[in-house]
Peer 1: 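A single structure is presented below for examination.
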There are 2 protein chains.
Amino acid sequence: MGRPRTFDRDAALDKALRLFWERGYEQTSISDLTQELGIGAPSLYAAFGDKRTLFEEAVARYEASPRSVTAAGLAGTSRRDVLRAMFERAAQEYASNEHPRGCLVNSAPELAANRAHNRMLTANRLGQVAEDAESRDAAETVAAFAHVMLVGLSSYARDGADEQQLRRVAELALHAVEAGAGAKAG
Amino acid sequence: MGRPRTFDRDAALDKALRLFWERGYEQTSISDLTQELGIGAPSLYAAFGDKRTLFEEAVARYEASPRSVTAAGLAGTSRRDVLRAMFERAAQEYASNEHPRGCLVNSAPELAANRAHNRMLTANRLGQVAEDAESRDAAETVAAFAHVMLVGLSSYARDGADEQQLRRVAELALHAVEAGAGAKAG
DNA sequence: AGCGTTCTGTACTGACCACTACAGAACCGC
DNA sequence: GCGGTTCTGTAGTGGTCAGTACAGAACGCT
């Protein structure tokens, strides 16, 4: 009961996500948000809490997306598969014009914990699909390499690289795990 | 003639550089700078112009440093040499405790032009040391791959990775160019 | 219709932002 | 010592920041 809100909370969250994605947390002001969302500040605070809480909810929404690059990798059934899936998804998504370029998580300084989490998920999956002890030992390093690539690809996309440029770099990166990951990586 | 300034301009520029390096351009306020430099705002403006100009001078100083990762690569005399030198320098520098972690140029959204310039320098060098037509054709992609790695390594270092972790990832990346750069990369 | 509840728009808070006007201090040449 | 020049410290400028107090509007329930 009570007066119903005049905007779609879900659509508003999506707009906020895109704004944070494009400009980053600090560079997105409450004023930017209320203007883009077409609502007043009190409505925003009532619906989402403070700026930080809104950001966290936006990030959670971002990570739950079916477009997730890390999730694409987790579906892989071999080391090469895992990395190929991640890089392919990244090349598609990071340069897409459907949404801001690059990756929100991989371009926000304040999301180190999310990056560590994703890296761990990838390492675990690489451990699962490892075919020998060496591959199992190298899982963390290979996962670190993959996510280092993702951060770099995200930045490259933000700097203007198109999907083909990302794809060329990603393909080159794929050779690394074929050639070197089974061999000792340390 | 006139009243002499009471601070060392060079030392002040260095402190400003470190502050920008650590926090980024937008997150470093004039108030932060005057406090860290131990001078008043009018002195800062008189010596360096406005905030943007100070930032640009700080970046120029950063890029002129003998620790430059790109410059280390330019001294290489083969493709493998160029990349090995870059990655080794990056692993050392990005995790060093002598200065803020990571790379100023590779972590500042506003320095895309500097990144493009460094990528071009590396591509040119790779073109020079190429031993066949295929390597020459792949120079831009290999340079893009190398600088994508650098951005990722910089972020990884900022997230807390130590020199050894960076080194392991870098070594893995080096396999990519050995295995795949001569082969068609697109 | 009237009440309780919840939302909305206006208008504001103190804090911080980049930047500067102004007055006095510290130097030079004379 | 005196004038000209350049720097320094104080104290501000208008603007934007995140967040909110308050009054009225729009609903469901009775």
Peer 1: Salt bridge between Arg167(B) and Glu163(B), side-chain N to carboxylate O under 4.0 Å?
Peer 2: yes

Peer 1: Could you pull out all residues at least two apart from Arg101(B) that satisfy salt bridge (charged side-chain N to carboxylate O under 4.0 Å, His left out)?
Peer 2: none

Peer 1: Rounded to whole angstroms, how far apart are CD1 on Ile39(B) and C1' on dG9(D)?
Peer 2: 12 Å

Peer 1: Which of these nucleotides, dT8(D), dG19(D), dC19(C), is closest to any side-chain atom of Phe7(B)?
Peer 2: dT8(D)

Peer 1: Let me know the distance between OH of Tyr45(A) and P of dC12(C), rounded to the nearest Å.
Peer 2: 18 Å

Peer 1: Looking across every strand, which nucleic acid part, if any, lies under 4.0 Å from Ala41(B) by heavy atom: base, sugar-phosphate, or nothing?
Peer 2: base

Peer 1: Can you measure Leu44(B) atom CG to dT20(C) atom C1' for me and round it to whole angstrom units?
Peer 2: 13 Å

Peer 1: Phe48(B) CZ to dC7(D) P: how many Å, rounded?
Peer 2: 12 Å

Peer 1: What's the OH-C1' distance between Tyr25(B) and dC17(C), to the nearest Å?
Peer 2: 11 Å

Peer 1: Atom CZ of Phe55(B) to atom C1' of dA18(C): distance rounded to whole Å?
Peer 2: 16 Å

Peer 1: Rounding to an integer number of Å, can you tell me how far Leu33(A) CG sits from dG19(D) C1'?
Peer 2: 13 Å

Peer 1: Keeping the roles fixed (side chain from Arg89(B), backbone from Ser68(B)), state whether a donor-acceptor pair exists under 3.5 Å.
Peer 2: yes

Peer 1: Round to a whole Å and report the spacing from CG of Leu37(A) to P of dC7(C).
Peer 2: 16 Å

Peer 1: Reading nucleotides 21-30 of chain C 5' to 3', which nucleotides get B (base under 4.0 Å from a protein heavy atom), which S (sugar-phosphate only), which -?
Peer 2: B--BBBBB--

Peer 1: Is any side-chain N of the basic residue among Arg23(A) and Glu26(B) closer than 4.0 Å to the acidic one's carboxylate O?
Peer 2: no

Peer 1: Would Glu57(B) and Arg61(B) pass as an ion pair if we require N to O under 4.0 Å?
Peer 2: no

Peer 1: So which protein N/O to nucleotides 13-17 of chain D N/O distances come out below 3.5 Å?
Peer 2:
| unit_1 | atom_1 | unit_2 | atom_2 | d |
| --- | --- | --- | --- | --- |
| dC17(D) | OP1 | Ser29(A) | OG | 3.3 |

Peer 1: Take the angle between the ring planes of Tyr62(B) and Trp21(B) and call it parallel below 30°, perpendicular above 60°, tilted in between.
Peer 2: perpendicular

Peer 1: In chain order, what residues pass the side chain to side chain contact (heavy atoms under 4.5 Å, CB included) check against Glu131(A), with sequence neighbours excluded?
Peer 2: none

Peer 1: Tell me whether the OP1 or OP2 atom of dT8(D) has a side-chain N or O from Ser43(B) closer than 4.0 Å.
Peer 2: yes

Peer 1: Suppose we screen for side chain to side chain donor-acceptor pair (under 3.5 Å). Which residues come up paired with Asp50(B), at least two apart in sequence or across chains?
Peer 2: Thr53(B)

Peer 1: With sequence neighbours left out, what residues match Arg136(A) under salt bridge (charged side-chain N to carboxylate O under 4.0 Å, His left out)?
Peer 2: none

Peer 1: On DNA chain D, nearest-nucleotide positions of Asp50(A) versus Gly40(B): which is more 5'?
Peer 2: Gly40(B)

